[in-house]
Each structure stands twice: as C-alpha cells, then as structure tokens.
Amino acid sequence: MPEGHSVHRIARQFKVNFVGERPAVSSPQGRFSEGAAMIDGREMTDARAVGKQMFLEFDHSDWLRVHLGIYGAWDFAGDVRVDPTIQIHGYTPGHSKLGQTGEYSRPDGAVAKNISALDRDGEDSVTSIGAPRRARVRMAEQDSEREDRRAFPPDPVGQVRVRLLTETVCADLRGPTACEVLTPGEVDKVLQRLGPDPANENTPAERDRFVDRASAKRTAIGLVLMDQSVLAGIGNVYRAELLFRAGIDPHTPANSIDRAALEALWDDWAELLDIGITVGQMITIDGLEGADYDRALRERDERHWVYKLEGTPCKRCGTNITLEEMGNRKLYWCAGCQH
DNA sequence: CATCGATGTTGAG
DNA sequence: TCAACCTCGATGG
C-alpha cells in the first residue's frame with residue numbers, strides 16, 4: 001500500500017480541493033450508501049492524515065475515516081488543483097513542467113539537496129505543480145497524472161465505494177479496507193490506538209513517546225516498527241530501508257536498543273517521510289543527483305537499498321541481500337551491514 | 001489472456 | 001496462524 005507518505009499527500013489534496021466545499025457524496029457501488037447519505041451536501045471542514053489513516057471532517061462534527069489497505073486508491077478528476085507542497089510524477093505527453101520547485105526546505109530549515117534535481121525538463125518525469133487543470137490524478141501506491149478528455153463528471157469506473165463531487169472536482173475511492181462515518185468520540189478512540197506521526201508533530205515529546213513505547217517491547221525491532229500503535233505510518237518498504245540505513249539487524253529486540261539509536265530511527269523516519277510526502281516516491285537512498293535521481297524516480301531498484309533486492313549484492317558491502325518472513329510479511333535486509 | 005502478488009488490516013479459528 | 005478483503009500492475013505462456 002500506500003505507506004504513510006501517500007496518505008498525507010491525499011489529505012493535502014482534499015484540503016486544497018474540497019475543504020470549504022459542500023460536496024455531493026454518493027456510493028456508486030452501493031456498499032456505502034448509508035454512510036454517504038450521512039455526509040451528503042455537508043461542508044467539509046478538515047482533512048487530516050494520521051499514519052495510514054485519513055480523516056475528513058464534515059460540519060465540524062462527523063468524520064469520514066478511510067484506510068486504503070493494500071490496494072485502495074483515490075482518483076481525482078475534473079479541474080484538479082495540486083497542492084503546492086507536493087510533486088506528482090508521471091508520463092504526461094506534451095505536458096511541460098508547470099512550476100519550479102527549487103530546493104526543498106524541511107521544517108527544521110535544512111534543505112534537501114537531492115530534491116532540487118527535479119527542476120529539469122524530463123521526457124517522462126514531470127513535476128506537476130500549479131493552477132487547477134483538467135486532469136485525472138490517481139493517488140495510490142504510485143501516483144500519476146494524465147490528461148482527461150472525458151465529460152465531467154466522469155462515469156464511475158469499476159467499484160467506486162465513495163464519490164465526492166463538487167462543481168469542479170470529483171474524487172472516487174475504490175478498494176479501501178475501511179470507509180466509515182465516525183463521531184468525534186469514535187475518532188478519538190481510533191487515534192488512541194495510533195502511535196505518533198512525525199509528519200504531524202515532530203517534537204522531542206513525540207519522539208520520546210515513540211522511544212518509550214519501543215523500548216518497552218522485547219519484540220524484534222523489525223516487528224515493532226510495523227506496529228502502528230508504536231509509530232504510525234511505516235510499512236514494509238520503509239521498515240526494511242530504515243533498518244538498513246541504521247545498520248540494525250531486524251531481529252534485535254527493541255528493548256536492547258539504545259535510546260539514542262531509537263531516537264535516530266525516529267529522526268531518520270521523519271526525514272524519509274518528509275521526502276516521501278513531497279516527492280511521492282519512497283526514495284530511501286540519499287544523495288542521488290541528476291540522471292541517478294531521475295532513474296530513482298522511475299525504477300524501484302534504484303531508490304532502495306534492500307527492498308525487493310533479495311539475492312543481489314548489497315550496494316554498500318556486496319553481501320547478498322537476504323529475504324525472509326517476519327510477521328507474515330517479507331523482510332529484506334543485509335546481513336553484512338546490519339548487526 | 002490468465003495468474004500472481006502487493007507498499008495492510010481484520011477477524012475467524 | 002491464516003484467509004478474506006477486492007484492485008491492478010507485473011509476469012508468463
């Protein structure tokens with residue numbers, strides 16, 4: 001799925017295109033007709049992401065909670081506005097770059113240099129930022145933007161669980177694991193079961209919350225990082241890549257890891273997440289520039305250290321990358337680099 | 001064109 | 001522990 005970064009991107013798209021509007025809400029597929037009727041025509045007053053969950057608020061009271069699960073996706077259509085803080089890459093024939101992103105500044109004031117490579121004209125790598133334009137924008141595991149010549153609003157394609165529709169924009173949800181209307185109290189209950197999310201609050205206190213929860217567990221750190229009640233938003237890709245970057249063996253019991261090392265994990269996660277939100281790709285190899293960076297945008301193998309690279313030599317030490325099962329998921333790591 | 005597998009979670013057993 | 005959820009790109013014949 002979409003790990004945490006995608007959900008933050010989608011929430012930003014809702015902020016820009018729907019908050020302040022009174023969308024018509026329906027369930028073309030029918031499986032969410034009752035819930036849709038509860039929020040139909042009401043004003044969307046907030047859009048938030050916490051970990052992998054998104055919450056859309058209506059009339060400052062009820063919330064639509066959406067979890068994309070492993071293959072859920074949102075499709076935006078119509079005159080779609082792209083949030084100025086995010087980039088969307090995709091093949092868009094004849095579509096020149098609409099905006100310059102320049103260097104990308106992080107909340108701490110530092111500048112992530114490898115992002116600046118985006119300001120170049122690319123044949124099939126396009127940075128899309130700017131005014132609303134007629135487009136189809138898919139927000140899922142892999143975001144994309146295409147021209148859209150269909151009439152507006154488009155006929156629902158496939159099983160659309162929810163459609164939100166304003167005069168100018170349409171958002172279709174398909175394949176979610178969760179889609180329900182909640183009261184504020186019910187939302188609180190969900191949030192209580194979620195750990196901190198550095199994209200919402202990256203403070204020493206929040207970092208301590210993570211470190212406290214993690215160091216209370218003797219479970220393998222590879223499992224703890226996937227536990228959404230410890231740290232919200234990490235999935236299978238970021239887990240593998242974060243542990244490689246930290247040089248930590250995924251089997252290490254969390255409670256045997258230094259506080260300082262756990263703090264460093266939080267900091268690194270905050271940084272990777274930030275890049276993921278901005279770029280729309282899980283770029284977990286640092287310092288790529290120019291053609292290398294462009295290649296990383298297109299090819300998964302070029303942006304990761306270990307994920308789905310089993311059997312190939314580690315890019316750092318040459319040891320073959322290991323694949324094993326951990327917690328019903330595939331775990332990729334380098335026995336040469338991670339101890 | 002059929003089949004597989006996935007960046008996730010829930011809930012039955 | 002494992003199937004179900006229900007989508008779709010990648011893979012193979």
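Chain A is the first sequence line, chain B the second, and so forth, proteins listed ahead of strands; every chain is numbered from 1.
- C:dG13 and B:dG5 have their P atoms separated by 13 Å, given to the nearest Å.
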- Given A:V279 and A:L297, is the side chain to side chain contact (heavy atoms under 4.5 Å, CB included) satisfied, shown in steps? CA-CA 9 Å; A:V279 177; A:L297 287 177; 3.6 Å; yes
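- Legend: residues meeting side chain to side chain donor-acceptor pair (under 3.5 Å) with A:E34, ordered by chain and number and at least two apart, are absent.
- Side-chain proximity of A:K308 to the nucleotides B:dT9, B:dA6, B:dG8 is greatest for B:dA6.
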Tabulate protein N/O versus nucleotide N/O from nucleotides 7-10 of chain C, keeping only pairs under 3.5 Å, one per line.
| residue | atom | partner | partner atom | Å |
| --- | --- | --- | --- | --- |
| C:dC8 | OP1 | A:R138 | NH2 | 3.2 |

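- Remark: P of B:dT9 and CZ of A:R329 are 7 Å apart, rounded to the nearest angstrom.
- Of the residues in residues 232-254 of chain A, A:G235, A:N236, A:V237 come within less than 4.0 Å of DNA chain B through at least one heavy atom, sorted by number.
- Partners of A:F18 by ring pair (Phe, Tyr, Trp, His ring centres under 6.0 Å), not counting sequence neighbours, listed by chain and number: A:F14.
- With sequence neighbours left out, the ring pair (Phe, Tyr, Trp, His ring centres under 6.0 Å) criterion links A:W305 to A:F244.
- Cluster partners of A:L165, using a side-chain heavy-atom cutoff of under 4.5 Å among ILVMFWY residues and allowing indirect links, are A:F152.
- Rounded to a whole Å, the CD atom of A:E180 is 18 Å from the P atom of C:dC5.
- Side-chain heavy-atom separations under 4.5 angstrom define the hydrophobic clusters, and A:V16 shares its cluster with no other residue.
- Under the side chain to side chain contact (heavy atoms under 4.5 Å, CB included) criterion, A:K189 pairs with no residue, sequence neighbours left out.
- Within the structure, every pair that satisfies the ring pair (Phe, Tyr, Trp, His ring centres under 6.0 Å) test and touches residues 315-339 of chain A, not counting sequence neighbours, is listed here: A:H251-A:W333, A:Y307-A:Y332.
- Residues in residues 207-243 of chain A take part in these ring pair (Phe, Tyr, Trp, His ring centres under 6.0 Å) pairs, two or more places apart or across chains: A:H5-A:Y238, A:Y238-A:W269.
- Within the structure, salt bridge (Lys or Arg N to Asp or Glu O under 4.0 Å) pairs that include any residue of residues 210-237 of chain A comprise A:D212-A:R259, A:K217-A:D227 (at least two apart or interchain).
- Candidate nucleotides C:dC2, B:dT9, B:dG8 were compared by shortest atom distance to the side chain of A:E3, and B:dG8 ranks first.
- B:dT9 atom P lies 15 Å from atom CE of A:M54, rounded to whole Å.
- For DNA chain B, the stems formed by at least three consecutive Watson-Crick or G-U pairs, with both atom-pair distances below 3.5 Å, span B:1-6 with C:7-12, B:8-12 with C:1-5.
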